[in-house]
Each structure stands twice: as structure tokens, then as C-alpha cells.
Amino acid sequence: MSKGFASNYRIVLLASFVIAGFAGLGARLVWLQVYGRGELLAYARKNRREVIKLHARRGDILDANGNLLATSLPYWDMGVDPQSVEARDAGKFPRLAALLGMPLPQLLPILTTRFLPAATPARTPEGVGSADHAPTAGAASLVFNFPAKPASSAAPAAKAPAAARAEAGEDETELGDADEHGLRPIHWMDFAGRGRHFLVSDSVHDQITKLGVSGVYGTREYRRNYPDKTLAAHVIGFVSGEEHPVSGIEAYMDFYLRGQNGWIETEKDAKAHELAQFRTRDVPASDGLTVKLSIDAQVQQIAENEVAALVRKYQPQKVTIIVSDPRTGFIKALANYPSFNPNDAATGTVPDVAALRNVAGTDQYEPGSVFKIVASGGALNDGLVTPDTTFDCGLTKIQYHGLVLDLPRENIGDHFGILTVRQILDRSSNRGAAQLGMLLGRERFMQYVRAYGFGAPTGFPMAGEISGAAGPPKWDGLTITRMPMGQSVAVTPLQIHMAMGVIASGGVLLKPQVITQVLDSSGGLVYSFKRVEVRRVLSEQTARTMAQILSGVAYKMAGDSEGGTGSLAAIPGYEVAGKTGTGQKPERVTLPNGKVVTRMSNTHHVASFVGFFPASNPQVAISIIVDDADAHAPKGEIAGGFVAAPSFKNIGEQLIPYLDIRPPVEPQTRALLAMEGGRR
């Protein structure tokens with residue numbers, strides 16, 4: 001054979017290898033594309049597919065002047081994929097720890113713990129990042145410098161604290177499937193403290209990104225912030241640390257505020273980096289809408305300052321102050337004590353959970369004499385009396401439907417004889433109010449109770465609003481003499497405020513509102529809320545008459561030794577219309593035989609003043625309700641006229657220049673009008 005040619009044997013052998021190679025390659029391709037296609041696609045989807053969530057920014061809440069009451073600030077939720085951390089980055093760890101504000105011994109185990117036992121849940125609840133992440137002796141099979149995988153036979157004498165916590169379901173950890181060694185790779189470890197995300201600002205995130213530690217990255221999120229802290233807390237409400245709405249406007253308007261999250265469907269490489277060229281869907285986030293309130297931050301601050309002053313002076317159990325525009329029903333301020341900081345509530349650090357309640361609508365009390373506007377307004381509206389109709393308020397008993405009923409006692413020190421309807425309200429006569437209620441009759445009186453809004457929620461945007469307790473039309477013989485004076489009935493502060501608003505608005509019950517507009521991200525109007533009339537309760541003429549009568553409650557002429565019960569609410573130069581209230585609180589009493597009963601207390605009261613001004617052209621309505629000021633009130637000065645009425649004046653005098661409220665008539669003219677009552 002010539003040396004220039006290969007032997008036939010060699011040619012056949014070489015050809016056999018080439019053919020076998022192509023055959024093997026072809027068989028492999030057939031298996032990959034036909035028989036193993038489903039399994040491989042499932043593996044690819046599981047290991048390469050990724051859905052990136054794009055967080056929407058929650059809309060702002062503004063006050064009436066556009067000031068921020070609630071906003072969302074951008075943060076980055078930081079964590080690490082330990083599988084991607086590389087040994088060459090170890091020199092950067094001290095700088096990373098400094099940027100995160102974590103001790104290096106606390107950070108190292110989070111970066112280097114790559115595997116956990118198979119018993120660990122796939123995704124455990126929100127977790128901890130604390131100093132006890134540091135590895136313990138004998139845990140070498142779970143905490144490493146940078147090994148690919150621990151030996152399967154290396155059973156640790158004690159688990160690393162990080163592993164032990166994850167098994168207990170305490171870490172924010174994402175784990176892969178268990179391998180043949182019974183271990184699960186960690187794909188995500190949060191840097192967070194217990195129950196919180198580890199959030200850093202944009203600037204810190206930029207520095208961490210520039211540092212370039214492999215596997216360390218963050219997810220863009222927003223966190224709610226309430227810049228004015230406790231201001232209008234019960235109206236605004238709050239969202240939890242997970243951005244779930246809990247109360248107030250945050251919950252009521254959540255559909256508009258929360259926006260819509262977006263997402264990206266894409267693929268990632270072996271180091272969990274996105275392969276943008278393989279994106280299949282990119283849905284941008286849609287930020288939430290802005291909600292504008294009728295709350296005026298300045299008016300709200302005035303109200304809250306007055307609440308604080310009442311708390312310092314009387315140390316009551318609760319205080320509520322409401323300020324509204326009686327012409328529209330929109331609330332300008334609503335302040336409660338106790339209160340809270342929504343920023344603290346979001347993190348669960350409010351010391352008193354009871355402070356979260358908006359007691360203006362969730363708590364009820366016996367209103368006392370403020371309720372006398374129901375019987376008097378109804379009797380005037382039905383033409384049964386005039387302001388000058390007289391009643392014998394010295395009577396102790398009276399006949400009613402064939403029964404002899406006991407009339408209620410007057411307030412301590414009050415001994416009245418013949419009084420006009422005007423004087424019954426001025427001097428707050430219990431017996432006069434009872435006779436007005438009986439004149440209306442049970443059924444008609446009850447119709448007015450309902451018409452004024454008692455016994456039903458007001459519809460204010462809040463959670464947990466109650467209906468109060470207004471008895472059914474069929475009562476015993478006692479109730480018809482007690483309910484017209486504000487006993488045997490329970491109301492909320494919002495109900496009594498809106499009931500007084502019936503008189504101020506010209507006889508119409510208005511729905512209390514606090515949301516004025518919904519705006520888009522550019523400030524464009526989406527929806528506007530207008531005045532809502534629930535029903536007409538009194539004629540315009542009756543409402544004007546009642547307003548004029550009630551102006552005598554808060555008026556006292558020079559040299560007048562008596563004056564109305566709310567004379568301390570009087571604002572010089574202005575017509576103030578309103579009514580005082582002093583309701584008894586129920587208390588548990590143990591009788592000599594050991595039986596425990598509930599009785600109305602003589603030592604615990606709710607003092608209130610509810611009114612508006614100017615009386616002939618109402619521009620602002622104010623309610624002050626103080627629960628249990630007795631212990632720190634001067635002797636005998638526990639009534640609404642002493643406790644609450646001065647606060648009305650304090651608030652009113654501050655609102656006059658701010659809201660530019662001008663008296664409709666000259667003071668001299670007002671004095672002449674006030675003298676029509678016959679006693680001035």
C-alpha cells in the first residue's frame with residue numbers, strides 16, 4: 001500500500017466515529033426537542049423565568065389648602081442572594097455593613113449562609129437580622145466562607161442561629177428545592193429586622209450599587225409617611241407596615257389611593273441577572289390618585305391645641321372637638337383625645353390601642369340638655385308653640401294620657417316658675433323640655449328624633465361608626481318625660497354636631513363629609529364631592545327662630561346676673577347660638593344585698609357645648625364634648641357651660657381672623673334683638 005494513502009481499515013474506523021458522533025448528536029437533539037421537551041421547558045421556566053413586581057406609589061392625601069397630610073416616600077428593600085456572593089467581594093463587606101448600618105459580625109452570616117436543611121419552609125414569614133446571625137461552633141456544615149455545597153455526611157452538632165430561626169419560620173428567606181444531600185439552597189435572605197423590611201433611601205441604594213457586591217440588590221418600594229404626625233390622625237387613618245389600609249380615609253378611599261402595581265415577565269441568567277432581551281411582557285405601574293379633604297390643617301391645629309388644653313386642665317377620659325361649615329356639612333377639623341401618631345401605628349408601636357378609635361363616631365354618650373333642640377324645634381315647627389308660649393316649670397307632676405307622671409328635677413340650684421319656650425332653652429329647664437316633648441306626643445317626638453339623625457349612622461367615612469341608642473316609639477311612662485331633656489338616649493359626637501347643623505343650615509340635615517376632590521397625578525380633577533342633603537327637618541322660618549332663641553343661651557348683657565347657661569361661649573361682637581349639655585354617665589353600683597346594678601352617676605358626667613356663629617348667618621359650627629372632667633373641675637363647675645363653653649369661645653376667636661368671619665349686624669343691633677326674650 002502506498003504511504004500516501006490511509007488504509008481502508010482506518011478510513012472505515014474514522015468514518016464510524018464520525019457517523020456515531022452525528023448519530024449521537026442527532027439522538028440528543030431528538031430527545032431534547034421531542035421526548036425531553038416538556039421536562040426541559042419546565043426546568044427553564046422554573047429556573048430562568050422571572051416576574052418582577054413594579055410597585056405603584058400610593059396617592060397623597062391633602063388638606064383643603066393642598067398641604068400634605070399623607071404621602072408615600074421611595075425606599076429600597078435590601079437583601080442578598082447568597083448563591084451569587086463571590087469570594088473576591090469579601091473586601092467590600094465592611095463598607096457594605098457601614099452603608100447598611102449593621103455590625104459586620106451580623107452581616108457576614110447573612111451573606112455566607114448558602115444552604116439550610118430540607119425541613120425549612122420554602123418561604124418563611126418576615127424576619128430578623130440581628131447579632132445572633134453570627135455562626136456558632138460546630139455549625140460548619142451550614143455556614144461557610146464560600147463553598148459550593150456542604151458535605152452531606154457532615155451532621156452539625158448545633159445549628160447556626162440563622163438556620164434555627166428559619167426553621168422556626170422567622171426569616172424572610174426564599175429557598176430552592178432540596179437536593180440529594182437533603183439541603184435547600186438559599187436564593188434570598190432579607191436584611192430586615194423582625195417583622196420589617198430592611199429599607200434604605202435612594203442615595204444609600206446608589207452607593208451600595210456602586211460598591212458592586214455580587215448578589216446584593218434591592219427592590220423599589222414605597223412607605224407611607226404622615227409629615228404632621230398626630231394632626232387629624234383619626235380622619236386620615238393609617239396603613240400597616242405592609243401597606244394594607246387599616247382605618248380612616250386610608251381605608252375608605254383605598255381603591256383610589258392604592259393604584260395598580262405593574263410587572264415584568266422576563267428571564268434571568270445563572271446569577272439572577274435579568275435578560276432584558278427575553279422580556280415577554282412589561283406592564284407599568286399606575287400610581288394612586290390624590291384625595292383632597294375639607295380638613296384645614298390650620299383649623300385642625302387650633303382644635304387639637306384646645307383638646308390639649310382641656311386635657312391638661314381636666315384630665316378627662318375623652319375629648320372630641322368638631323368644626324364644620326354648617327352651610328355644606330363639610331368638616332374642617334375633627335380632633336379626639338386620646339390620639340395617636342399614624343407613623344407609629346404603621347409599625348405597631350402605639351402604646352394604647354384604644355387611642356386608634358375615632359370616638360367621634362364609635363363612642364356614644366348621654367347628651368343631656370343639647371338634646372332639647374329636638375322637642376323645642378319640633379313643637380315650633382308643628383305650630384304647637386311660639387317662642388313666647390309659657391309653661392309652668394315649677395310643677396313636679398303632670399297628667400299625660402290618663403297617667404300622673406313625675407316631672408324631672410331641675411339642675412341643682414334652679415327653681416323655675418313660669419317660663420317661655422325661649423327661656424326654657426336659655427335656662428335649660430328639664431321640666432320645660434319634658435312638657436314640650438309631651439305636647440308633641442310620643443310618636444311625633446320620635447319622628448323628630450329620627451329626622452334629626454339620631455339612631456342611625458351619619459355616613460361619615462370611617463370604620464366602626466355606630467348608630468347610638470334612640471328608643472323605639474313605645475316607651476314606659478318615664479321615658480316621655482326624660483328623653484326630651486337628653487336622658488334615656490345615647491348619641492355620638494358626630495350625630496349631635498350634625499343635629500345642631502340642622503338649625504344652622506336652615507332646617508336641613510346634611511351628610512357630614514370630609515372628602516372634597518379626587519385628583520390624578522398631574523392635579524387634574526377626577527371627581528368632586530358636593531353638599532348632600534339627607535332630609536328637611538325644620539322649615540327655614542323655624543330654623544331661623546331656633547337660631548335666634550339659641551343665641552340667648554350664649555349671651556349675657558352687662559349687669560345681667562343670670563345670663564344663659566352658655567354665656568361663657570359668648571364672643572364679643574358676634575351672635576353665638578348654641579346649647580350646653582351635661583349628661584350623666586352610667587356606673588356599676590353594688591347594693592347592700594350584694595346585687596350589682598347600673599345607675600346614672602352623680603359624680604361622673606359628659607360636659608358639652610354645641611353651637612354655631614354668627615347666629616343669623618352661620619359660617620362655622622363647633623362642638624366640644626368632654627368626658628369625665630369632674631375630678632379636676634372646680635366644685636359645682638362640672639356642667640357644659642363651665643367645662644366646654646369657654647373652649648367654644650377660644651376656638652371661635654381664633655377662627656374669626658383666619659376664616660374672615662364678619663358679624664352680620666352691629667353689636668348694638670344684636671343687643672336689641674337679644675332683649676326680645678323678656679328677661680334681659
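Counting only N and O atoms by type, the side chains of Tyr448 and Asp382 include a donor and acceptor under 3.5 Å apart.
Ion pair Arg58/Asp254 flagged as a salt bridge, since at least one NZ, NE, NH1 or NH2 atom sits closer than 4.0 Å to an Asp/Glu carboxylate oxygen. Of the charged side-chain nitrogens involved, at least one lies within less than 4.0 Å of a carboxylate oxygen, so that Arg224 and Glu250 count as a salt-bridged pair. Using a cutoff of 4.0 Å between basic side-chain nitrogens and carboxylate oxygens, Lys585 and Asp627 are scored as salt-bridged. A salt bridge links Arg357 and Asp363; the closest N-O separation between the charged side-chain nitrogens and carboxylate oxygens is under 4.0 Å.
The distance from the OG atom of Ser601 to the CG atom of Asp628 is 7.5 Å, given to the nearest 0.5 Å.
Each of Val239, Asp60, Ile61, Val518 was checked for a side-chain contact (heavy atoms from CB on, under 4.5 Å) with Leu257, and the lone residue meeting it is Ile61. The side-chain contact (heavy atoms from CB on, under 4.5 Å) with Pro387 is formed by just one residue from the set Gln548, Gln423, Arg422; it is Arg422. Tested against Leu293, the residues Ile331, Leu69, Asp63 include a single side-chain contact (heavy atoms from CB on, under 4.5 Å) partner, Leu69.
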Could you walk me through whether Val553 and Ser567 pass the side-chain contact (heavy atoms from CB on, under 4.5 Å) check?
CA-CA 6 Å; Val553 174; Ser567 60; over 6 Å; no
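Here the side chains of Thr565 and Lys579 are in contact, with some heavy-atom distance below 4.5 Å. Side-chain atoms of Ile651 and Ile321, non-hydrogen and from C-beta on, do get closer than 4.5 Å to each other. Tyr222 places none of its side-chain heavy atoms less than 4.5 Å from the side chain of Tyr75. The shortest distance between side-chain heavy atoms of Ile515 and Phe330 does not fall below 4.5 Å.
Counting heavy-atom neighbours within 6.0 Å of Tyr256 OH, excluding the residue itself, gives a total of 12 or less. Enclosure of atom CZ in Arg535 by more than 12 non-hydrogen atoms of other residues, nucleotides or ligands within 6.0 angstrom is indicated.
Classification of the Phe613-Phe648 ring pair by plane angle, with boundaries at 30° and 60°, yields perpendicular.
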